[in-house]
Structure formats: structure tokens, C-alpha cells
Asks: 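Can you keep this structure in mind? I'll have questions shortly.
In this chain, residues are counted from 1 in sequence order. Values reported hereafter were calculated over all heavy atoms of this structure, with side chains retained and with hydrogens, waters and symmetry mates removed.
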Amino acid sequence: MNMDAETGLERAMKLLISDLDGTLYPRKESLNPHQREENFKAVKRWVDRGHQFAVATARGLHHYPAIREALGFDVHFIGGNGAAVRLVNGETIIKQLPCSVYIDLCRFVREQDLNVSVTTGYHNQWIWSHNDRYPRGVAAYDGIWDSIEIANLEEMNPEDGVERIQIFVPPHQRDAFRETLAQRNYPGIITTSDQDMIDIGPLNSSKGISISELCQRYNIGQDDLIVVGDSENDIPMFKTTPHSYCIDLAEPRVIQSASHSVASVQELIDNLLEEELPEFSFSGQSAE
């Protein structure tokens with residue numbers, strides 16, 4: 001329990017866990033051009049009130065320094081859709097897929113000459129199956145091509161591990177290609193993380209699994225856990241608590257998987273902080 005500085009009353013400390021892309025980092029469709037900055041300010045208000053904050057994202061641990069710098073304090077970071085976790089004490093927990101999955105998938109898309117790029121982190125490099133397939137030509141990705149490292153499949157060890165495989169695929173082909181992946185029976189969890197991204201992660205990892213493990217470790221109950229996201233890969237974390245929120249610009253089936261919808265992280269935090277203001281009484285009389 002924490003003491004509320006404004007009221008002098010004890011209250012439960014809650015943990016809010018937010019997705020990044022499309023959530024804490026707003027979608028481009030957001031009508032508020034300052035939404036990202038306002039989300040971060042809201043998170044700081046949340047922590048200043050004595051609560052905890054964590055991130056659950058498809059991004060890898062390489063992104064942790066950026067989010068730490070933006071917030072100004074350490075947080076639990078659940079990355080790679082749960083495959084790579086960094087706790088506030090610096091401890092990391094890594095789960096991996098066999099590299100043979102990446103090698104096989106790269107060979108498949110090359111042999112079929114598909115307009116798809118297969119990427120992963122390997123030996124401290126982010127490697128790609130192609131540099132002339134989707135998302136080549138998409139403005140949002142213009143800045144990445146100078147640093148593209150093409151995978152040399154013959155030099156990769158199939159017995160090595162990778163935390164996450166990310167597939168870039170044109171949006172109108174995403175769901176069909178996901179079905180193709182399912183038919184290949186890879187030993188991993190397949191999910192979508194954006195309109196043009198499909199992820200494959202280890203069988204024992206998801207945002208939901210890692211959040212449950214985090215809550216068990218720190219003795220956080222469902223009633224003190226709040227999660228917010230916007231994509232299919234957030235659905236497992238929606239199931240960890242009755243206090244689940246989905247950004248209202250998400251796909252309808254994702255919104256329906258959460259208990260509530262909300263316009264932004266800022267709006268969610270403002271509502272939570274307003275709701276927690278207690279109604280207290282003196283000598284049995286309610287405050288007027």
C-alpha cells in the first residue's frame with residue numbers, strides 16, 4: 001500500500017502496462033499531433049502518484065534505452081512479444097526459437113519469389129531475407145535501407161536461437177500469408193503486430209505469459225493490473241486482467257477482445273487517476 005500525498009489515505013499501488021507502437025506511440029491516424037508527448041506526460045503523472053508502469057512490445061531489448069530516456073526512469077520492459085524481458089533491476093530473461101525456422105522461411109520466400117521480407121536479430125545484427133521486397137518503396141521505412149544486412153543462410157547455425165522473427169508483408173496479403181505460415185507447422189506462436197507485420201515467437205512466450213510471470217514474481221494481483229494495447233499481439237495480455245483497454249483505432253476484432261476501449265493512453269490515465277480519488281468520511285458522515 002502507498003500513502004496518497006493529497007489525502008493522507010492508504011491506497012493500492014497499481015501496475016499499468018502499455019504496448020508501444022499504436023498505443024504509447026500513437027497511430028498516424030491520431031487526430032492529436034501532440035498525442036505522443038501527452039501520453040508520456042500522463043505516464044509520469046501516473047508514476048508520480050505512486051503507481052508502477054511497464055512496457056510490453058514487439059520491439060526488442062535494443063529499444064529499451066530509448067524508452068528509458070523518454071520516460072526518465074527505469075521500467076520493466078517486455079520485448080519481442082514476451083520473448084525478451086528486462087526487469088528494472090537489469091536482469092534479462094530470454095526465450096528463443098530455433099534459427100532453423102528463420103532459415104527455412106527465408107528459403108521459402110526466396111524460392112517462391114514472394115513480395116515479403118523476413119527479418120530477425122542474429123549475432124547482434126538485424127538481418128533481412130531481401131532488400132528489394134516489401135516494404136521497399138513504403139515511405140515509413142525509407143530510413144532503414146542504408147543499414148540493411150542481408151542474411152547469409154549458408155553461414156547461419158540452425159541450432160542457434162533467435163528471439164523473434166518478423167515478416168513484413170503488404171497489408172492486403174497479411175492474413176493470407178499468415179495462413180501460409182500456419183500450414184508450415186513451425187514450432188512457434190504466430191501473431192500480427194501491425195497492418196503489415198507478422199511475428200513468430202517461441203512457443204513459451206507471449207505478452208500475456210510474460211505479464212503473468214512478472215505479476216507472480218512481484219505479487220501483483222489481477223485487480224491491481226491494467227493493460228492497454230491496439231494489436232492482435234496484445235490480445236494475450238488483455239486476458240491477464242479484467243482491466244484491459246484497447247485503443248479505439250484498432251481493428252474491430254482486437255477492440256472486442258478487450259474489456260474497454262479508449263482514445264489514448266493519456267485519456268486512460270486521466271480517467272484512472274480521477275476514479276481513484278476516494279470518497280472518505282469523518283465520524284460516519286459522508287463528505288459533501
Asks: For the residue pair Leu16 and Ile269, establish whether any side-chain heavy-atom pair is separated by less than 4.5 Å.
Replies: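 The answer is yes, as the side chains (C-beta and beyond) meet within the 4.5 Å cut-off.
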
Asks: Tell me which donor-acceptor pairs under 3.5 Å the side chains of residues 64-74 have, and how far apart each pair is, sequence neighbours excluded?
Replies:
| residue | atom | partner | partner atom | Å |
| --- | --- | --- | --- | --- |
| Tyr64 | OH | Asp74 | OD1 | 2.5 |
| Tyr64 | OH | Arg86 | NH1 | 3.4 |
| Arg68 | NE | Asp74 | OD1 | 3.3 |
| Arg68 | NH1 | Gly72 | O | 3.4 |

Asks: Would you please name every residue forming a ring-ring contact (aromatic ring centres under 6.0 Å, His included) with Tyr102, sequence neighbours left out?
Replies: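 Tyr102 satisfies ring-ring contact (aromatic ring centres under 6.0 Å, His included) with no residue once adjacent residues are dropped.
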
Asks: So which pairs with a foot in residues 169-199 pass ring-ring contact (aromatic ring centres under 6.0 Å, His included), sequence neighbours left out?
Replies: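 Sorted result for residues 169-199: empty, none.
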
Asks: Tell me if the CD atom of Glu91 is crowded by more than 12 foreign heavy atoms within 6.0 Å.
Replies: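 Enclosed: over 12 neighbouring heavy atoms sit under 6.0 Å from CD of Glu91.
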
Asks: Does any part of the side chain of Val228, heavy atoms only, come nearer than 4.5 Å to the side chain of Leu24, both counted from C-beta?
Replies: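 Contact flag for Leu24/Val228 side chains = no.
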
Asks: Determine whether Ile211 and Ile235 fall in the same hydrophobic cluster, where Ile, Leu, Val, Met, Phe, Trp and Tyr are linked whenever their side-chain heavy atoms lie under 4.5 Å apart.
Replies: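 Linked within one cluster.
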
Asks: With side chains defined as the heavy atoms from C-beta onward, is the minimum distance between Arg217 and Ile93 less than 4.5 Å?
Replies: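 When only atoms from C-beta onward are counted, Ile93 and Arg217 do touch, with a gap below 4.5 Å.
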
Asks: Check this for me: Glu29, atom CD, are more than 12 non-hydrogen atoms of other residues, nucleotides or ligands nearer than 6.0 Å?
Replies: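 Count over threshold, so yes.
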
Asks: How about Asn152: does its CG atom have over 12 heavy atoms from other parts shown lying under 6.0 Å from it?
Replies: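 Yes - once you tally the heavy atoms of other residues, nucleotides and ligands closer than 6.0 Å, there are more than 12.
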
Asks: Is Val101 reachable from Phe108 through a run of hydrophobic residues whose side-chain heavy atoms are each under 4.5 Å from the next?
Replies: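 Same hydrophobic cluster.
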
Asks: Between Val116 and His130, is any pair of side-chain heavy atoms under 4.5 Å apart?
Replies: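 Result no, sub-4.5 Å side-chain heavy-atom pair not found.
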
Asks: Is Arg107 salt-bridged to Glu154, cutoff N-O under 4.0 Å?
Replies: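 Yes, charged N to carboxylate O under 4.0 Å.
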
Asks: With sequence neighbours left out, what residues match His62 under ring-ring contact (aromatic ring centres under 6.0 Å, His included)?
Replies: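 Listed in chain order: nothing, the list is empty.
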
Asks: Going by side-chain hydrogen bond (donor to acceptor under 3.5 Å, both in side chains), Asn233 matches just one of Thr191, Asp19, Asn81. Which one?
Replies: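 In the set Thr191, Asp19, Asn81, the residue that makes a side-chain hydrogen bond (donor to acceptor under 3.5 Å, both in side chains) with Asn233 is Asn81.
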
Asks: Do Glu232 and Arg174 pass the salt bridge (charged side-chain N to carboxylate O under 4.0 Å, His left out) test, and can you show the C-alpha distance, the side-chain angles, and the key distance before you say yes or no?
Replies: CA-CA 13 Å; Glu232 183 191 27; Arg174 186 196 69 179; over 6 Å; no

Asks: Can a donor-acceptor pair be found between the side chains of Thr240 and Ser212 at a distance below 3.5 Å?
Replies: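 Result is no, nothing qualifies.
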
Asks: Find out whether Ile167 and Ile200 are in side-chain contact, i.e. whether some heavy atom of one side chain is under 4.5 Å from a heavy atom of the other.
Replies: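 Result yes, sub-4.5 Å side-chain heavy-atom pair found.
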
Asks: Is the side chain of His260 donor-acceptor paired with the backbone N or O of Tyr245 at a distance under 3.5 Å, no angle test?
Replies: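 No.
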
Asks: Applying ring-ring contact (aromatic ring centres under 6.0 Å, His included), can you list everything that pairs with His243, at least two apart in sequence or on another chain?
Replies: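 Applying ring-ring contact (aromatic ring centres under 6.0 Å, His included) to His243 gives none.
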
Asks: Run the side chain to side chain donor-acceptor pair (under 3.5 Å) test against His63 and tell me which residues pass, sequence neighbours left out.
Replies: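 For His63, the residues satisfying side chain to side chain donor-acceptor pair (under 3.5 Å) (neighbours in sequence not counted) are Tyr25, Arg59.
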
Asks: With a 4.5 Å limit on heavy-atom distance, are the side chains of Ile220 and Gln52 in contact?
Replies: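 A side-chain contact exists here, since the closest heavy-atom pair is under 4.5 Å.
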
Asks: Sub-3.5 Å donor-acceptor pair from the side chain of Lys95 to the main-chain atoms of Pro202, do we have one?
Replies: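 Checking the backbone N and O of Pro202 against the side chain of Lys95, no donor-acceptor pair under 3.5 Å is found.
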
Asks: Val254, Ile198: one ILVMFWY side-chain cluster at the under-4.5 Å cut-off?
Replies: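 As far as the 4.5 Å side-chain criterion goes, Ile198 and Val254 are not connected within one cluster.
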
Asks: Above 12 or not: heavy atoms from other molecules or residues under 6.0 Å from NZ of Lys41?
Replies: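 No - once you tally the heavy atoms of other residues, nucleotides and ligands closer than 6.0 Å, there are 12 at most.
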
Asks: Is the shortest side-chain heavy-atom distance between Leu15 and Tyr218 below 4.5 Å?
Replies: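 No, side chains not in contact.
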
Asks: Evaluate the side-chain proximity of Ile94 to Leu61: yes if any heavy-atom separation is below 4.5 Å, no if none is.
Replies: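 SC-SC contact between Leu61 and Ile94 confirmed.
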
Asks: Looking only at atom types and distance, does a side-chain atom of Arg110 sit under 3.5 Å from a main-chain N or O of Ser129, one as donor and one as acceptor?
Replies: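 Yes; at least one donor-acceptor contact below 3.5 Å.
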
Asks: With no hydrogens and no angle check, do the side chains of Asp196 and Tyr141 hold a donor and an acceptor under 3.5 Å apart?
Replies: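 There is such a pair between these side chains.
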
